[in-house]
Protein chains: 2
Amino acid sequence: MLTDRQLLILRAIIDDYIQTAQPVGSRTLSKRDDLTFSSATIRNDMADLEDMGLIEKPHTSAGRIPSEVGYRYYVDHLVEKQIIDERETGRLEERLKQSSKESEILIRQAADLLSDLTNYTTVALGPNSQMETLARVDFMPLDERRGVVLIVTDQGHVEHRTVMFESRVAPDVIEETIRLLNDRLVGTPIGQLKIRIGEEVAKLQLAQRQQYENMMQLIQSTLGIQTPSSLYLGGKKKIFNQPEFQTLDTLRPFLEWIDEQERLTHWLESLPNREIYVSIGSENGIVALQNCSVITSDYTLDGKTFGTIAMIGPTRMNYRHGVQMMGQIIEALRRTKLDE
Amino acid sequence: MLTDRQLLILRAIIDDYIQTAQPVGSRTLSKRDDLTFSSATIRNDMADLEDMGLIEKPHTSAGRIPSEVGYRYYVDHLVEKQIIDERETGRLEERLKQSSKESEILIRQAADLLSDLTNYTTVALGPNSQMETLARVDFMPLDERRGVVLIVTDQGHVEHRTVMFESRVAPDVIEETIRLLNDRLVGTPIGQLKIRIGEEVAKLQLAQRQQYENMMQLIQSTLGIQTPSSLYLGGKKKIFNQPEFQTLDTLRPFLEWIDEQERLTHWLESLPNREIYVSIGSENGIVALQNCSVITSDYTLDGKTFGTIAMIGPTRMNYRHGVQMMGQIIEALRRTKLDE
DNA sequence: ATTAGCACTCGTTAAATATGAGTGCTAATA
DNA sequence: TATTAGCACTCATATTTAACGAGTGCTAAT
């Protein structure tokens with residue numbers, strides 16, 4: 001168990017280190033207003049804290065820096081749970097509101113906002129449309145051999161794709177096919193569309209051969225629509241300002257990793273569903289993010305479950321402020337009304 | 001005018017420097033098989049080449065490096081105009097063909113291909129839809145207050161947007177409005193849609209007030225559709241392998257610049273229309289690309305004018321190979337058939 | 001239990017030195 | 001007259017050495 005003084009010292013070390021990125025020594029600490037003990041006393045406590053694995057020294061004659069365990073303790077015990085500042089949240093809500101009413105743009109805006117607020121890179125993931133269900137299929141002819149297939153989900157998301165037929169197809173055949181698709185497939189989760197279409201096609205009688213042939217055309221393209229969750233990166237260049245990313249060895253893996261949209265999406269989707277979750281340093285298990293901490297949270301837009309937003313900074317990130325801002329943003333998003 | 005030997009030496013210096021990124025000295029050159037002169041002779045010619053501004057030395061006791069003027073001379077006189085290697089082009093065409101028939105994906109694939117071929121970063125810009133004209137507007141209701149507006153261009157590109165009405169709108173009013181929009185606006189360039197709609201609205205009689213009110217809803221969202229030219233970056237991380245980008249001072253401006261999609265798009269759109277154009281070093285006028293050269297070319301897909309593709313590398317780039325590969329790719333794109 | 005004092009460690013910085021690739025010039029050579 | 005060998009000179013880079021100083025751990029005094 002930590003004594004009150006040790007707690008005070010641990011907190012001071014981390015606060016100081018978060019600000020300066022420099023190992024902090026006993027003498028520096030003893031000069032702080034909130035620490036009234038001599039440097040020697042602090043040194044003794046520091047030795048204890050080090051024994052407990054909460055802090056460590058880069059080398060013998062340097063000050064101490066927090067260990068990952070130390071950060072974990074700090075986040076769990078010393079970061080007060082989010083108290084939403086009503087005024088600030090209102091202001092954020094206002095800024096979001098005036099940007100747009102398109103959910104896509106709102107989310108981008110939220111990511112940018114969060115990044116500007118914290119100076120860390122952010123990633124926002126829109127709703128995973130695999131979970132949504134088909135609300136409607138429609139077709140709009142362009143010319144004799146081409147047309148646009150539209151699919152609409154229950155959440156109101158729309159995707160379109162241009163299709164081209166091998167040969168001319170009679171309008172009524174298309175109409176019939178679309179009706180068929182609507183009759184049989186509405187309500188199917190987007191992710192299962194492909195399988196379900198296969199099943200439906202198998203059920204068709206040979207008598208419906210003609211529809212079948214042409215339907216295949218539409219099916220092929222319809223199922224090819226894999227509405228990707230929309231991903232947005234905010235403040236990518238913020239990383240350049242972090243002292244721990246001033247060398248290529250650290251910068252490169254980070255940038256290469258963050259630019260892999262697909263991997264990034266999977267990662268965000270794989271995160272446990274939670275309100276606000278802090279992952280410290282190597283906890284996240286990603287080599288490129290060894291020296292990063294991540295604050296993630298699921299968010300709702302207009303009260304409806306929506307997606308995930310994450311904030312990525314160096315392990316030496318300002319957790320208190322980060323958690324605070326994350327809380328504000330998701331609260332602001334929650335309050336944002338889409339349809340008014 | 002350059003003597004034959006000077007030409008030989010200039011070429012050797014540039015070829016050598018392109019490969020090693022190191023200043024090349026007279027002794028190194030004299031050891032090449034194709035240069036049979038003594039280092040002293042070469043030194044004399046080098047002094048002359050330097051007087052002419054074709055090469056320069058980083059400092060007194062270093063070898064020479066090509067100047068921008070030197071590269072320009074090299075590109076204009078020593079890079080043979082593209083001879084398409086039929087076998088290679090065929091292979092590229094094959095690889096493009098099997099990736100997809102969607103123009104969007106084909107272009108991405110082409111950018112990636114070109115980047116892999118050359119190890120430089122590439123940027124591909126799709127067709128500028130501002131130039132296309134409206135072929136059709138359509139509307140598909142989702143529920144009482146919402147629907148999808150579709151616009152189709154003469155080139156077959158489709159964009160959609162979900163709109164929401166303030167209040168319930170009668171289906172026949174919508175139908176009428178859509179008919180009106182189609183009647184009056186088909187053939188209008190996308191870029192002028194906004195102005196044209198304003199003009200049309202002004203022409204309406206007060207008697208058509210009802211349509212007018214509701215139309216405004218649609219108009220507002222329709223003209224908001226600014227189909228952005230699709231931009232694709234290939235091999236962004238290739239830059240990390242270039243020796244001139246191993247320091248943050250050079251790397252950072254480049255990365256920050258390349259990540260600004262909008263600026264990038266404008267830049268590509270502003271390039272002069274040409275087959276293959278090489279811009280060397282500061283010629284491009286972009287501070288972040290001071291030390292880069294760019295090979296750009298307009299390309300056609302399936303024979304139809306389409307967009308612009310660019311290859312960005314250090315000034316010390318392999319122009320010969322770069323120009324060659326660029327030629328192959330645009331030829332392969334030209335031959336790629338979209339509809340078969 | 002706390003603090004002052006002191007020897008010791010070790011990363012950082014600066015100065016001193018050595019190295020060597022490359023040049024320009026001059027004189028010898030073909 | 002054009003080429004080449006020879007040599008003194010330059011200057012970025014690498015290596016060594018020394019000085020510095022922030023910080024520690026331990027011991028003894030308070």
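A, B, ... follow the sequence lines: proteins, then strands. Residue 1 opens every chain.
Annotation: ring pair (Phe, Tyr, Trp, His ring centres under 6.0 Å) contacts of B:Tyr232 (sequence neighbours excluded): none. With sequence neighbours excluded, no residue satisfies side-chain hydrogen bond (donor to acceptor under 3.5 Å, both in side chains) with A:Arg108. In this view, B:Ser282 and B:Glu68 satisfy the side-chain hydrogen bond (donor to acceptor under 3.5 Å, both in side chains) rule, not counting sequence neighbours. Remark: B:Glu88 engages B:Arg91 in a side-chain hydrogen bond (donor to acceptor under 3.5 Å, both in side chains) (not counting sequence neighbours). With sequence neighbours left out, the side-chain hydrogen bond (donor to acceptor under 3.5 Å, both in side chains) criterion links A:Thr118 to no other residue. The ring pair (Phe, Tyr, Trp, His ring centres under 6.0 Å) test applied to A:His77 returns A:Tyr73, not counting sequence neighbours.
One can place CG of A:Leu29 at 15 Å from P of D:dA22, the figure rounded to the nearest angstrom. Look at CD1 on A:Ile42: it is 13 Å from C1' on D:dG23, rounded to the nearest Å. The separation between A:Glu56 atom CD and D:dG23 atom P is 17 Å, rounded to whole Å.
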- [ ] Sugar-phosphate atoms are those with a prime plus P, OP1 and OP2; base atoms are the rest. Using that split, label each nucleotide of nucleotides 11-30 of chain C B, S or - for protein heavy atoms under 4.0 Å, 5' to 3'.
- [x] S---------BSBB------
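A heavy atom closer than 4.0 Å to some atom of DNA chain C occurs in A:Arg5, these being the qualifying members of residues 1-9 of chain A.
Within the structure, side-chain hydrogen bond (donor to acceptor under 3.5 Å, both in side chains) pairs that include any residue of residues 9-19 of chain A comprise A:Asp15-A:Tyr74 (at least two apart or interchain). Residues in residues 25-71 of chain A take part in these ring-ring contact (aromatic ring centres under 6.0 Å, His included) pairs, two or more places apart or across chains: A:Tyr71-A:Tyr319. For the salt bridge (Lys or Arg N to Asp or Glu O under 4.0 Å) condition, no pair includes a residue of residues 284-293 of chain B, sequence neighbours left out.
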- [ ] Quick one: the dot-bracket string of DNA chain D, using Watson-Crick and G-U wobble pairs with both distances under 3.5 Å, [ ] for crossing pairs and | for bases paired to another strand.
- [x] ||||||||||||||||||||||||||||||
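Within the 4.5 Å cutoff, the side chain of A:Met326 has heavy atoms near those of the A:Leu114 side chain.
Contact between the side-chain N/O atoms of B:Ser38 and the OP1/OP2 oxygens of D:dT4 is found at a separation under 4.0 Å.
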